[in-house]
Amino acid sequence: MSYDVRVLRSDFPLLRRVVNGHPLTYLDSGATSLTPRTVLEAMDVYYSRHHSNVHRGVYQTAAEATEAYEGARADVARFIGAASPDEVVFTKNATESFNLLARAWGTAHLKEGDVVVLSEMDHHANLVPWFQLRDSHGITLRFLRVNDEYRLDLSNLDELLDGARLLSVTAMSNVLGTVTPIAQLAERAHAAGALLAVDGAQSVAHLPTNVATLGADFLAFSGHKMLGPTGIGVLWAKSEHWAETPPFLGGGGMISDVTLDGFTPASGPARYEAGTPPIAEAVGLGAAVRYLSSIGMDAVAAHELDLTAYALERLAHSFDERVRIIGPSTTLDRGGVISLDVEGVHPHDVSQVLDQHGVCVRPGHHCAKPLMRRFGLAATARASFGPYSIPAEVDTLVDALRDALEMFT
Amino acid sequence: MTQMPPLNDLYREIVMDHYRTPRNRGELPTPPAQRADGHNPLCGDEISVYVLINGDVIEDIKLTGHGCSISQASSSMMSAAVKGRSLEQTRELVARFKELMTSETADSSDQALRELGEIAALSGVSKFPVRIKCATLAWNTLTQALDDAPQQG
Ligand SMILES: Cc1ncc(COP(=O)(O)O)c(C=O)c1O
């Protein structure tokens, strides 16, 4: 089946919006993706026909709600190639997934002085929970640095991994677009006796993911960046690691028994899903991964690669060097996230002028302040693509950038 | 949904002039000057304000930092406006400026706008809610510096 982006675009209601007199040019999928109708409908059907609290309900709709929720877990497991749905734990978002990992797995396995290796390229979601654990439990943090080619500097990797318990790193930078060599990192981490946690918030939404071959021990991602709704995320881990991970949040749903003496935690994913979970959101995420699978993640990746190649080419040649790309200049090991530094125009102003053209790009540090500091920047204006993005939108971006440059010179 | 007002409301000529040629850039030795740092975590804008207070008067003011056109222009205009002003007048001006930023319709009375002088050119910012923080950063930082300054007898 060929990739018909025109047909695909008709599935996304928001692409019909007109803003400031222009059709919406949505180039902020790195922050959150647009939602296809099938996801909205799945959530609508859930609320209109099946809504009830999950687990333990005996009546018909309660059974249906549980089936829908657990069905979504199976969909997600299939989408990432997990050995079993039980390896998929639903969270609120990738951020909560990392907090679960650091708090539940981390406090159980790491003691004072134990080493966790992170990277300078990572999102605050994969930095701050580890800083918190350092501050509360005295773990030691080491950092992979980023080189001038916008890649992880692996020259001292073995040194950093020496004695380390965990390497936790992103698979795709949400600022640079850089795709990191996860297979190689897994091999080196495991050789050093460390586990590997991967931030898949960007990668899972744009590249085929198969945890069976990825080499990671943990994978965190967010539903809302992969055509799903907000409020749902995932932490995947191999069953052997879940088996050794104590509960995270406490409350209903995560117990098998409670007496006045204490509690016994439940087994399986429920152990980490205290309280009423985001049921409709899980159902929406299930619909999103089925939709992505029906297109094929290979096809999505190929489409975004072509588009990224086109964008890099146009951005590099349209502005006499006045627009600098902060990230790899070719599509080699690179995704469709393009950070721009526009000469003489602050990212905030770039975004403001672009908005006038209906173009949505994001200004700021993108929750990666150490990385911004590495390149001496306070902020960039970031354009990022989704499966529905098209070359004409790149053209609109280029025209709007030209306008911004003109206004500020 | 309301449509964004035209960009010229935001990027007025005087505003752009202050952005391109900011006034009072630099540092002052501390002490005797008082320094305060401000920062907008949302967009990474940073500013340091140095004020030299002599008796009841802001004798000199200098600014360093970086940020978008609105934050840079606003800080430059602020510095030009408060230099030589009494502390009381300065605090009054800060209050008036903040009012200007929160008045949605920006239809402050002519009298109020006249008192603000060229700073009134920033009135359009109030129509772009996400930019208000950019415009007020320098003013809040100035207030911080004044609050931190040792009382002079
Ligand atoms: C690489 C990366 N990691 C983690 C996150 C955090 O995702 P969320 O805000 O959905 O928890 C993001 C999203 O901004 C991201 O891009």
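By convention in this document, chain letters (A, B, ...) are assigned in the order of the sequence lines, proteins followed by strands, and residues within each chain are numbered from 1.
- Residue Met372(A): no heavy atom, backbone or side chain, is found under 4.5 Å from chain B.
- Residues Asp44(A) and Arg37(A) are not paired through a salt bridge, judged by the lack of any N-O separation under 4.0 Å between the basic side chain and the carboxylate.
- Taking the six-membered ring wherever Trp is involved, the centroid distance between the rings of Phe408(A) and Tyr11(B) falls below 6.0 Å.
- Residues Leu176(A) and Pro328(A) share a closest heavy-atom pair of O-CD, 3.4 Å.
- For a residue to count as touching a neighbouring chain, one of its non-hydrogen atoms must lie under 4.5 Å from one of that chain's; by this rule Val353(A) touches chain B with backbone and side chain alike.
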Test log, rule ring pair (Phe, Tyr, Trp, His ring centres under 6.0 Å), inputs Tyr150(A) and Phe375(A):
CA-CA 9 Å; Tyr150(A) 305 104; Phe375(A) 291 103; 4.8 Å; yes
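- With a threshold of 4.5 angstrom between heavy atoms, Thr409(A) approaches chain B through N, CA, C or O but not through any side-chain atom.
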